[in-house]
Amino acid sequence: MKVNKLLAIVLTGVLMVGSAISVSAADTYTLTQDNPTGDRDTEVTAEIKAPGEVWYEVAVPTKVDFGILNNVTGDADTQAFDIELIDKSASVDSVYVAVRDTTDADAITDATLSTKFFKLENETTGLVLGYDYLNETGASVLTETTPEDNNYNYYGIVDGLTTIGETYNCTLSLPMSQLSGKLTDEYAGVYTGTIEFYSRATVSAP
């Protein structure tokens, strides 16, 4: 069974300034009339895996941005993203994906927030916002499931990706009620946190 630890996801909530950020699939360069070759070469690669070798690739976002949080009338500010099975060897039956918060659990300063919420912290003031992780049905993964202690408190979010190109829809939800009466200079600033993805494969018997 192969374990593949993926990139951490960085989340940003901004009270005063902010913008949504998209992640491009690959680096690009520009050709122009004055510079028709772009002064760069495009690398082309390929790889052949050994027969029976166990491998897989799962794509997760590198950043999710809640943007400007200035509307406290709604239930929650949500941001959606997909987890996608990019490729896998024939010996891999399915891929499991889980997630955990990497911030300090003791950093929370707002008693109205659930202790199971993931955290966004203002590095200047130390104030904290909480956000939830929802599965495809819109249910809270943090509230309704128990983290796997043997995997360092990861919450399972995808039981099994089996088909190349298969995607799983995820949502981060930041309750706006926690900002009620707090859109003040004290709370202004950038809030950041990180979550880490974990994956493992279920492999066919040889």
Side-chain angles (χ1 to χ4, degrees), residues 4-24 58-72 74-84 96-136 138-149 151-158 168-199:
N4 185 18
K5 192 172 182 181
L6 299 174
L7 293 176
I9 179 175
V10 180
L11 302 105
T12 305
V14 183
L15 288 179
M16 298 302 290
V17 294
S19 61
I21 297 176
S22 61
V23 180
S24 60
V58 176
V60 299
T62 58
K63 186 171 185 176
V64 177
D65 189 350
F66 278 106
I68 300 174
L69 306 177
N70 57 9
N71 178 13
V72 297
D75 292 333
D77 188 321
T78 59
Q79 294 294 325
F81 62 91
D82 291 334
I83 293 174
E84 181 180 1
Y96 162 90
V97 182
V99 68
R100 70 174 178 179
D101 188 356
T102 62
T103 60
D104 183 2
D106 296 328
I108 191 164
T109 57
D110 190 335
T112 65
L113 297 179
S114 167
T115 56
K116 282 196 171 184
F117 272 4
F118 286 167
K119 312 300 187 304
L120 292 174
E121 183 175 5
N122 185 323
E123 294 184 1
T124 302
T125 65
L127 295 172
V128 170
L129 300 176
Y131 65 95
D132 205 352
Y133 194 106
L134 309 181
N135 61 19
E136 279 193 321
S140 168
V141 172
L142 307 183
T143 301
E144 298 190 358
T145 63
T146 302
E148 298 183 40
D149 291 333
N151 286 333
Y152 305 99
N153 290 322
Y154 288 97
Y155 289 87
I157 54 176
V158 184
Y168 188 87
N169 306 121
C170 308
T171 303
L172 300 181
S173 175
L174 192 152
M176 299 307 293
S177 57
Q178 64 188 298
L179 295 178
S180 179
K182 296 176 181 176
L183 293 182
T184 64
D185 290 344
E186 178 188 9
Y187 276 80
V190 176
Y191 291 73
T192 60
T194 57
I195 57 178
E196 182 180 67
F197 288 93
Y198 164 89
S199 65

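For the numbers below, each heavy atom of this structure counts, side chains included, while hydrogens, waters and symmetry mates do not. None of the values given here were measured: they were computed from a predicted structure.
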> By side chain to side chain donor-acceptor pair (under 3.5 Å), which residues pair with Glu136, not counting sequence neighbours?
none

> To the nearest 0.5 angstrom, please state how far the CG atom of Leu142 sits from the CD1 atom of Ile157.
10.0 Å

> Between atom OH of Tyr154 and atom CZ of Arg100, what is the distance when rounded to the nearest 0.5 Å?
3.5 Å

> Side chains of Glu196 and Tyr152: closer than 4.5 Å at any heavy-atom pair?
no

> What's the shortest heavy-atom distance between Asp65 and Gln79, and which atoms?
O-CD, 3.3 Å

> Applying side chain to side chain contact (heavy atoms under 4.5 Å, CB included), name anything that partners Ser177, two or more places apart in sequence or on another chain.
Pro175

> For Tyr133, enumerate each residue passing the ring pair (Phe, Tyr, Trp, His ring centres under 6.0 Å) test, keeping only those at least two apart in sequence or located in another chain.
none

> Would you give the length of the straight line joining atom CD of Gln178 to atom CG of Leu120, rounded to the nearest 0.5 angstrom?
8.5 Å

> Do Ser140 and Asp132 have a side chain donor and acceptor closer than 3.5 Å?
yes

> Nearest heavy-atom pair of Met176 and Leu69: which atoms, and what distance?
CE-CB, 4.4 Å

> Does the side-chain contact (heavy atoms from CB on, under 4.5 Å) test come out yes or no for Lys119 and Asp101, once each step is laid out?
CA-CA 7 Å; Lys119 312 300 187 304; Asp101 188 356; 3.7 Å; yes

> Quick one: does Leu172's side chain get under 4.5 Å of Phe66's, heavy atoms only?
yes

> Which pair of non-hydrogen atoms, one from Leu174 and one from Gly130, has the smallest distance, and what is that distance?
CG-O, 3.6 Å

> Would you please name every residue forming a salt bridge (Lys or Arg N to Asp or Glu O under 4.0 Å) with Glu144, sequence neighbours left out?
none

> According to side chain to side chain donor-acceptor pair (under 3.5 Å), who are the partners of Asp82, at least two apart in sequence or on a separate chain?
Asn169

> Restricting to side chain to side chain donor-acceptor pair (under 3.5 Å), what partner residues turn up for Asp77, sequence neighbours left out?
none

> Does the side-chain contact (heavy atoms from CB on, under 4.5 Å) test come out yes or no for Leu129 and Leu179, once each step is laid out?
CA-CA 8 Å; Leu129 300 176; Leu179 295 178; 3.6 Å; yes

> Rounded at 0.5 Å granularity, tell me how far CD1 in Ile195 sits from CZ in Phe118.
6.0 Å

> Could you check whether any side-chain heavy atom of Ile83 comes within less than 4.5 Å of a side-chain heavy atom of Phe197, counting everything from C-beta outward?
yes

> Taking side chain as C-beta onward, heavy atoms only, is Asn135 less than 4.5 Å from Cys170?
no

> Name all residues meeting the side chain to side chain donor-acceptor pair (under 3.5 Å) criterion together with Thr145; count only those two or more places apart in sequence or in a different chain, and write none if there are none.
none

> Would you please name every residue forming a side chain to side chain contact (heavy atoms under 4.5 Å, CB included) with Thr171, sequence neighbours left out?
Thr78, Ala80, Leu134

> Once side chain to side chain contact (heavy atoms under 4.5 Å, CB included) is applied, do any residues pair with Glu123, and if so which ones, sequence neighbours excluded?
Thr192

> Answer yes or no: is there a side-chain heavy-atom contact under 4.5 Å between Tyr191 and Leu127?
yes

